[in-house]
Amino acid sequence: MRMRAAVLEEFGEPLAVQEVELAEPRGGEVLVQLHACGVCHTDLYTASGADPSGYAPAVLGHEGAGVVEAVGPDVGSLAVGDHVVTLFSPQCRECVHCVDPRTNLCLAIREEQNKGHLPDGTTRISRDGEGIRHFMGCSTFAEYTVMPEIALAKVSPEAPFEHACLFACGLSTGLGAAINTAAVRPGTSCAVFGAGMVGLGAVAGCRLQGAERIICVDLSPQRLELARGQGATDLIEGGEWAVERILELTGGFGADYTFEATGNVAVMRQAVEAARMGWGLCTVAGVAGRGETLDVVPRLLITGRRIAGSSFGGVKGRDQVPVLVERYLAGEIDLEPFVSHRLGLDEVNRGFELMEAQDGIRSVIEFS
Ligand SMILES: NC(=O)c1ccc[n+]([C@@H]2O[C@H](COP(=O)([O-])OP(=O)(O)OC[C@H]3O[C@@H](n4cnc5c(N)ncnc54)[C@H](O)[C@@H]3O)[C@@H](O)[C@H]2O)c1
Ligand SMILES: [Zn+2]
Ligand SMILES: [Zn+2]
């Protein structure tokens, strides 16, 4: 079929929205009609050429929500008409990681996905016979996409697409960091560094877990106000004083749980230093620049602090994203403040500009 898609032709150039060809789903694959898709830093990072593992031409986008239009052979868990959220972090339910509750890092299709291929090593997207690669296994800056069944979470049809798509990346990452990775206990203190999509999700996750005190640190007063709306009890302007301020707010000890959602290694260090001695757990969700390292005084660890990393919030996507969406539908999470701009596919580059200007949390592309 023919469809419109935003293609990364050359690194550092704007995406080119154009007609491309999309082939039928093969075994284990599903054709999805996209209805909404968030614009994320990871798309921009790849488009800019800064990501050394990036590839072009490719259709970018990885925060999609839509409806199953057709299923290929051997697809058992999805049917035409199902509402789905795309998962850059799949869940095959069979590999050694999927059957273990300790991780969500499914091993089934990693290698081919990293190359921009579907699991059989080929692409479904093409133009004049030339293959166009699938970004993060998703390629959701497009009217349709073909994805592996194991990379789609079936969610309630009640959820509006523009909100459902937020669960495809940063929101689930932040929620999951608090709910899964840290497993925040009720009545505790938390400190979240960064109030973008991931940090705000972490604030909401800490609140859902029953944390008593949720301190949020960010450079932007507007974003700190959004954090208050998600349940933050104390707001701190980011800077070298942040650790000291957190210690003051927590009786000199530091927080029971800290979260890093900036991608800045100096802030990661602050998040470790702001964790309480004895049992403080620092969860790192931010993605640092290539080659950067985290500098931590080992004594902080010997005296009982721990550091954990969290990819997609430890969320096993097919099982847990639907549950998170249900919690949103039950009124436990307010997503409206996160959608700052609604754009058409042709305006995808404007989405990048808004993101670079830190204008709002998420621009969402809506497909008519
Ligand atoms: N682990 C995962 O699976 C996963 C998934 C999605 C995103 N990420 C990563 O998480 C990070 C956050 O993503 P996002 O979409 O929320 O980004 P974002 O840019 O929207 O938010 C980052 C926030 O950090 C704040 N910040 C910057 N410097 C600061 C400082 N010194 N002190 C306090 N706050 C500071 C910024 O003001 C901004 O609000 C990024 O590194 C991203 O790559 C990780
Ligand atoms: Zn993303
Ligand atoms: Zn797996």
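Atoms within each ligand, like the ligands themselves, are counted from 1 in listed order. Remember, predicted model here, so these are calculated numbers, not experimental data. Hydrogens, waters and symmetry mates are skipped; everything else that's a heavy atom, side chains included, is used.
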Numbering the atoms of ligand 1 from 1, which are under 4.0 Å from a heavy atom of [X]?
| X | result |
| --- | --- |
| G263 | 41 (O) |
| M197 | 16 (O) |
| A285 | 1 (N), 2 (C), 4 (C), 8 (N), 9 (C), 10 (O), 44 (C) |

Would you call [X] and [Y] a salt bridge, taking side-chain N to carboxylate O under 4.0 Å as the test?
| X | Y | value |
| --- | --- | --- |
| R245 | D234 | no |
| R269 | E273 | yes |
| R342 | E336 | yes |
| R127 | E19 | no |
| R4 | D346 | yes |
| R223 | D218 | no |

Considering heavy atoms of the protein only, find what lies nearest to [atom] and give residue, atom and distance to 0.1 Å.
| atom | result |
| --- | --- |
| atom 41 (O) of ligand 1 | V287 N, 3.0 Å |
| atom 28 (N) of ligand 1 | L219 CD1, 3.5 Å |
| atom 32 (N) of ligand 1 | G238 CA, 3.8 Å |
| atom 26 (N) of ligand 1 | T262 CG2, 3.8 Å |
| atom 11 (C) of ligand 1 | G286 CA, 3.7 Å |

**Request:** Would you indicate whether W279, at its atom CH2, is surrounded by more than 12 heavy atoms from other residues, nucleotides or ligands within a distance under 6.0 Å?
**Result:** no
**Prompt:** Around atom CD of E326, are there more than 12 heavy atoms of other residues, nucleotides or ligands at under 6.0 Å?
**Reply:** yes
Below 4.0 Å, non-hydrogen atoms only: which portion of [X] touches ligand 1? Side chain, backbone, both or neither.
| X | value |
| --- | --- |
| H41 | side chain |
| D218 | both |
| A242 | neither |
| T173 | side chain |

**Item:** Residue of the set T283, V315, T173 for which side chain to side chain contact (heavy atoms under 4.5 Å, CB included) holds with T181
**Value:** T283
**Complete:** The side chain to side chain contact (heavy atoms under 4.5 Å, CB included) partner of V59 among I125, T123, L8 is I125
For ligand 1 and [X], I'd like to know whether there is a polar contact (N/O to N/O, distance under 3.5 Å).
| X | answer |
| --- | --- |
| V267 | no |
| G239 | no |
| G313 | no |
| N264 | no |
| T42 | no |
| G199 | no |
| Q270 | no |
| S220 | no |
| F312 | yes |

If you take the nearest heavy atom of each of [options], which one is closest to [atom]?
| atom | options | result |
| --- | --- | --- |
| atom 22 (C) of ligand 1 | S310, S311, A261 | A261 |
| atom 20 (O) of ligand 1 | E260, R362, Q358, R223 | R223 |
| atom 6 (C) of ligand 1 | S89, C169, A271, S172 | C169 |
| atom 16 (O) of ligand 1 | V198, I361, V284 | V198 |

**Item:** F88 ring center near F312 ring center (under 6.0 Å)
**Value:** yes
**Message:** To check your reading of the site, what angle at the Zn ion (ligand 3) do SG of C95 and SG of C92 form, to 10°?
**Reply:** 110°
**Asked** When you draw lines from the Zn ion (ligand 3) to SG of C106 and to SG of C98, what angle lies between them, to the nearest 10°?
**Response** 100°
**Prompt:** Where do R185 and T188 come nearest, in terms of heavy atoms and distance?
**Reply:** O-OG1, 2.6 Å
**Fill in**
In short, V203 meets C216 closest at the heavy-atom pair CG2-SG, 4.2 Å
**Asked** Do any N or O atoms from the side chain of R305 and from the backbone of L300 form a donor-acceptor pair under 3.5 angstrom?
**Response** yes
**Asked** Would you say the side-chain atoms of H97 pair up with the backbone N or O of T103, donor to acceptor, closer than 3.5 Å?
**Response** no
**Message:** At a threshold of 2.8 Å, where the distance has to be below it, does the Zn ion (ligand 2) have an N, O or S atom of E63 nearby?
**Reply:** yes
**Item:** Whether H41 has an N, O or S atom under 2.8 Å from the Zn ion (ligand 2)
**Value:** no
**Request:** Measure from NZ or CZ of R362 to the centre of the six-membered ring of F338 and say whether it is under 6.0 Å with the direction within 45° of the ring axis.
**Result:** no
**Item:** Pairing residues for H35 by the ring pair (Phe, Tyr, Trp, His ring centres under 6.0 Å) criterion, not counting sequence neighbours
**Value:** F161
**Request:** If you have a sec, read the angle at the Zn ion (ligand 2) from C40 atom SG over to C169 atom SG, to 10 degrees.
**Result:** 130°
**CG on L324 to CZ on F167, rounded to 0.5 Å** = 6.0 Å
**N, O or S atom of H97 closer to the Zn ion (ligand 3) than 2.8 Å** = no
